[in-house]
Amino acid sequence: MIRFPTTIEAAAASEGRLRAGGTDELDLRHRRITSGPVVDLRDLAGLDRIETIEAGGLRIGAMVPLAVLATDQRIRGGWPGLAGAAGGLATPQIRARATLGGSLLQQVRCWYYRSVHFDCLKKGGGACFARGGDHVFHSALDTGPCIAAHPSTMACALWAFDAGIEIGGDLEALRTIPELLGDGSDPRETHALQPGEVLTAIHLPAPTAGDRSAYFRTIHRARAEWPLVESTVRVHTDEAGVMTGLALAVGGVANRPLRYDDAARALIGLRPDDPKVDAVFAALGKPTEELPGSAYKARLIPPTLRETLDLALAAPPAEPLIETAPEGEEAP
Amino acid sequence: MSRISRRGFLGGALAGIASAHLSEAHGADEGSEGSGGSGGSGGSGGNEAAPPPAGGIEGAAQVRLSFSCNGADHVQEIGADDVALQVIRRGVGLTGAKLGCGAGTCGACTVLVDGEPHVTCLLPATALEGRQVTTIEGLSDSAEPADLHPIQRAFLAADALQCGYCTPGFVVEAVAFYDRWRAEHGSEEPDRDTIAAALAGHLCRCGAYQAIYAAVAAACRGDHDSAEVTYARIDGPEKVTGAAKYTVDVALEGMLEAKILRSPIAHGILHGLDDSAAAAMEGVIAIHRLVPNGHRVRFAGQEIAAVAAIDEATAIAALAAITLDLEELPAVITVEEARSPSAPVLYPDRRARREVLSASEGPLLSASWEGNVRGPFSSSILAKPRRGRKDLENAAINGTVSSGTWETQVLCHSALEPHAAVARFTGGALEVWASTQSCHDLAEDLVHRFGLERDQVVVRCPYVGGAFGAKVGLQMETLVAVELARLAGAPVRVALSREEELTTGGLRPGQIIELAVGMSVNGSLMGVSHQAINDSGVAVGNVTGMLTRLLYDSGAKDLDDFDVVTNTPPGKPFRGPGGPPAYLALEGAIDQLAHDAGEDPIALRRRWDPNVPRNAIYDWIEGLEVYQDRGEVGADKGRYRRGVGLAAGGWFHFWDPGAQLELEAGPSGFVARTASQDMGNGTRSMIAAAVAGRLGIAPAEIQVELGDSRAIYGPMSAGSRTTSSLAPAAEDAADQLIEAMVELAASRGIAGEAAPGGVRRSDGTVVPWLEVLDGAAPLRTSGRRRRDSQAAVLPVPIAHVKIGRTWPGVVNLSEIEIDTRLGRVTVREAWVGVGVGRIVCPPVARSQMEGATVQGISYALYEDRRLDGGTGHLLTHSLDDYRIAGIGDVPPIHVHFAEVGFEHVRGGAVGIGEIGIVAVPASIANAVFHATGWRPHRLPLTPSAMLEGLS
Ligand SMILES: Cc1cc2nc3c(=O)[nH]c(=O)nc-3n(C[C@H](O)[C@H](O)[C@H](O)COP(=O)(O)OP(=O)(O)OC[C@H]3O[C@@H](n4cnc5c(N)ncnc54)[C@H](O)[C@@H]3O)c2cc1C
Ligand code: SF4
Ligand code: FES
Ligand code: FES
């Protein structure tokens, strides 16, 4: 059964699995993890636009393909870390098709979950097989019953920019990334969007003039590989090169993306090359004893953050879409 | 050890692994709404009253899809889960776009949608509505050079392909890139990184990346703007245009699709199988049981039964309806578990051992068993094993010993074309299309297995999308296709899904090798000991000691191999079987010896190595700047550390003395024929080059027909015997033909002698061969590999092959960089010198060496088959998690041919297929040592392993 709703309301009212790009949903169906009617968002109008909103922010429609996000001049200029994330994930063909909404709401890549042979916690079964089994590509930090690394590169990156998530076209009640994803305590949930809710857009607050940002993933091969660890860093420095604002988002290591706000606060007032910076990062790289197979990923957190921070500092500063009054940014 | 019915479990479980889901069948099940979207053949003509497209939220089981493909309009009815690939392949009937992984990773299914590359295996068919699709077939009007897109010409010219299965995807993507690039940059050449970024969504298992870089760069430079192109790979035009038909592309009238029921447990006894519900299902035509009641199932994924149905979805549904009565036994998944005294024994008695599978390329030699351990199999007959041990003891006192234990992982062959077969009976005659590397032998196997006459069986494999050792002989998919075709009375196709391919399609055994090499105070070789444990799953017979024996002849050697059987899928021979692990250990130990002695690693090897080709290669390497300037071990102290590592390797010289080749010459040209095959290794082009070389014409003028078992006997392509057997046969046939053509010329009043291109008259003019042949009855000759003066190891062939006494040699040099922060090893540049005698067709030989280097890099750094330790189920069931090298991982590779050492061999050429991979991982491991002073003893060198090793 398939439906092609043309309005957000109709999509929300349609029973079945929403399908945007289909790049994840089809794989899940091929593996018989999901089934039932399909609600194909193909004919839903208006969600494939990127528009400027007040105060120099952007509203990016849920159906915008990641390839467009990666190359859009406004995003590259103002939120280069976000464009970098969109352009750094998957493959060119997948990015051409995968949508922003789908990328936030995709399922985990756990090899037990995607195998028909394992009825794990996430599928409503009784056990997490990865925990006592092979979890080399899973979480390094034990943040919930399901230890699959949260798959969404974009969720992690958007969090670094404090993006707001618009549901059902409601421009007022924007959700935060943590609200969208939930806390991970229910292993069946990879995000907290409820049936009948349609993600319609994300809202990017305007960057401050001088903001710099970058995305980096630590992978094994050169390209086209799921990250071992990934991070997006947004940083603001004053004329003396002292960090006055910092957001550190890290993915690939826990069942939700992480934001290290305490660490970021501790770094405000330091120059990036201050040895204390690496000491603070190093403290983030403590593996959990419970997950020996992925302990190496924890060790990769500090160097990944360092790499991303360095890339951000080397990047040109944000070009805000409209002039905003220069103001010292608070530590996020 | 309870007796359990696996009914509920099987329902979901088996359907899943079987789900190639988007090959040729229509509509997977529609879930709760249960509208069963199968049937409905679609096709461009299928425009009878389809339900209107559901505009609002009204649902429909099938919708009508209108789109254009290569300029023609199509209307098809599609179901909710249909993907664009099946709409194109089955509905439109264009098979250029291929199913490789089915999960968005390999790019083989890429087409242009409104000019933009998309993977169609994950593209909902609904997305094609109103769009313009361009497939590989739509890029050119014909395979004539003038009609081709510049990118297609560039792929031909650079020989940017082997088996060709990935080629349509690469070409389509490269065309999109090229068009964009030229529009923005004119004829500026893009750098490697730009090309790698553009092609990152494609995998080439054959490893043709180096030439792909070259092709794209050349086209962007404008080198292929003109309509001319010269190329060596004579089947290239079919491959770059999507015209080459592989087994998976065969579609016969009334063909059924078959799926295989696999064991959901790793160890157990099958007490019963109830297929009554499945048999009663509509659309299920035949069910074949592969194992009887009482059979012991020994690995998860083992084939139990197979179903043929009208389409794939029905076959999958039928599998789910079969119930198994399986008594589960405790299983051993790892070698360690299998060796424990309390381990369940897989093959407890002689009868059971008759069921054991061979992981070896040759015949299985007998060995004794103890529990799950079989062996030792000694490779040291006449190699003085006892003295070897004694020498080592002495060296320990009076010299140096370098020793260690090396571990290598299990790899998947994972050719991009999965194992596939189509079988059809017509009367008593059997036709089989198979993705095989042994066309002739497969036909023989079928004759014996099914009690048929030789002239009743034909096996066809015109194009084979990679094999690497996993497609020799009668494989399960062919057996199943034939059995079911017989039962069903209709043609049947079997094609493994990527998950099945990665489970049982072919596995390179894992090893644990304890090795020691001794050196006396005066620097001579003093004993080698090599004790290997092979993990070939339920199979046995993999041998590594023989490879150690091939190097450094002067030393006494003690070489033993043990098999330890586990409840895991069977190993198969994989390109250079036994070589990479053996040389990882041996060449690692020797590298250490040289280091400890403060000696140049080549100087040390030269002293011990009498091999003529390798010594010539040492000269070449000594002249390389990168070798001369390599610096001290561990010289770099910073984040990035550069290292240069060297390793030598060897392989056998096999040939098939029975190999023959038939040559036919008529006014329309020259046709060469033999019942051999081309899996991307370039058999066709090699034959064309050999024949053309003799006739003095262009290889493209020779048509080479392979992949038909009715032709004159040709060798299988395994063990690097193709060129050594067929090049001399081709040249023999050509020489005879020349004689016949000169005679024919004389009889037609053209007196003269043979010259390049034709008959030279006394006045010096040459009458071209085709003119000589004009109007005459066709001439036919058949050539074979004639004897030569060299002595074979044994006077009679074993399993069709003779073994020469002089061996080819290889030396690999790898320059790597380690990012010690992120644990990444990158190969910056690779050099390989190879001595396999005369190079018959240089571009193809080069491509073989480059591809083998890529596979060796992939082996050393990335690939790792992983199983769940509890159940034995495959975890790396996709190409996302079973990681093979992509284009960005491939450095510039320099190939050097040392064409010496085989002057005494008929034709002067020995095979090149395997030798290219054997020493690559060792050279990388040695480079890691050179960079850091830490010697890795286990592969792959993942960030996890590197961080641990360097800490
Ligand atoms: C080879 C490969 C590599 C990849 N690498 C990465 C990577 O490195 N990082 C990464 O983040 N991702 C990666 N991906 C995953 C990819 O990003 C996702 O498949 C893609 O983003 C999903 O987007 P889609 O539009 O195709 O979603 P769909 O498959 O259509 O949908 C995904 C899910 O989101 C829901 N959904 C979609 N849109 C909406 C909406 N508007 N409102 C409510 N629900 C909605 C669907 O119901 C479904 O559950 C990779 C994928 C592949 C194949
Ligand atoms: S990690 Fe999560 S998805 Fe994977 S087996 Fe455990 S519960 Fe299931
Ligand atoms: S078959 Fe589509 S990407 Fe591999
Ligand atoms: S040529 Fe690329 S997979 Fe064979």
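This structure is a prediction, so every number in the text was calculated from the model and none was measured. Per chain, numbering begins at 1; letters A, B, ... match sequence-line order.
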If you measure from [atom1] on [X] to [atom2] on [Y], what distance do you get to the nearest 0.5 Å?
X	Y	atom1	atom2	answer
A:His30	B:Ser497	NE2	OG	12.0 Å
A:Met1	B:Gln62	CE	CD	10.5 Å
A:His117	B:Leu875	NE2	CG	10.0 Å
B:Glu173	A:Thr91	CD	OG1	8.0 Å
A:Thr218	B:Arg821	OG1	CZ	10.0 Å

Q | Side chain to side chain, A:Arg31 and B:Ser878, heavy atoms closer than 4.5 Å | A |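 A side-chain contact exists here, since the closest heavy-atom pair is under 4.5 Å.
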
Q.
Are the side chains of A:Tyr296 and B:Met946 in contact, using a 4.5 Å heavy-atom criterion?
A.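 Answer no - side chains too far apart.
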
Can you tell which of [options] has the highest number of heavy-atom pairs within less than 4.5 Å of chain A?
options	result
B:Gly888, B:Ser951, B:Gly104, B:Ala197	B:Ala197
B:Leu874, B:Leu203, B:Asp881, B:Val890	B:Asp881
B:Thr105, B:Leu822, B:Asp193	B:Leu822

Could you tell me whether [X] atom [atom1] has more than 12 heavy atoms of other residues or ligands within 6.0 Å of it?
X	atom1	result
B:Glu184	CD	yes
B:Arg131	CZ	no
B:Arg828	CZ	no

Q: Answer with side chain, backbone, both or neither: which region of A:Leu228 has an atom nearer than 4.5 Å to a non-hydrogen atom of chain B?
A: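 Answer is side chain: those atoms of A:Leu228 sit under 4.5 Å from chain B.
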
Q) What part of A:Thr304 lies closer than 4.5 angstrom to a heavy atom of chain B: side chain, backbone, both or neither? A)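 Both the backbone and the side chain of A:Thr304 come within 4.5 Å of chain B.
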
Nearest heavy-atom neighbours spanning [X] and [Y]:
X	Y	answer
A:Arg223	B:Ala200	CD-CB, 3.9 Å
A:Gly22	B:Pro124	CA-CG, 4.2 Å
B:Gly59	A:Arg3	CA-CG, 3.5 Å
B:Leu123	A:Leu26	C-CD1, 3.8 Å
B:Gly102	A:Asp27	O-OD1, 4.4 Å

So, does [X] use its side chain to make a donor-acceptor pair with the main chain of [Y] at under 3.5 Å?
X	Y	answer
A:His220	B:Leu861	yes
A:Gln93	B:Thr110	no
A:Arg221	B:Gly886	no
B:His877	A:Trp111	yes

Which answer fits [X], side chain, backbone, both or neither, if we ask what part of it has an atom under 4.5 Å from a heavy atom of chain A?
X	result
B:Arg824	side chain
B:Leu947	side chain
B:Ala198	backbone
B:Asp819	neither
B:Ala945	neither

Q) What residue in A:Ala96, A:Gly16, A:Ala224, A:Ser294 has the most heavy-atom pairs under 4.5 Å with chain B? A)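 It is A:Ala96.
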
Q.
If the contact rule is any heavy atom under 4.5 Å from chain B, which residues of residues 130-138 of chain A qualify, in numerical order?
A.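 Interface residues of residues 130-138 of chain A: A:Asp134, A:Val136, A:Phe137.
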
Q: For the residue pair A:Arg19 and B:Thr126, confirm or rule out a side-chain donor-acceptor distance under 3.5 Å.
A: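 Yes, side-chain donor-acceptor contact under 3.5 Å.
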
(Q) Parallel, tilted or perpendicular, judged at 30° and 60°: which one describes the rings of A:Phe118 and B:His873? (A)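 Perpendicular: the ring planes of A:Phe118 and B:His873 meet at over 60°.
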
Q) Taking it one step at a time, do A:Phe4 and B:Val63 satisfy side chain to side chain contact (heavy atoms under 4.5 Å, CB included)? A) CA-CA 10 Å; A:Phe4 297 94; B:Val63 291; 3.9 Å; yes

Q. Can you check side chain to side chain contact (heavy atoms under 4.5 Å, CB included) on B:Asp880 and A:Arg109, steps first, answer last?
A. CA-CA 9 Å; B:Asp880 273 356; A:Arg109 289 279 158 169; 3.4 Å; yes

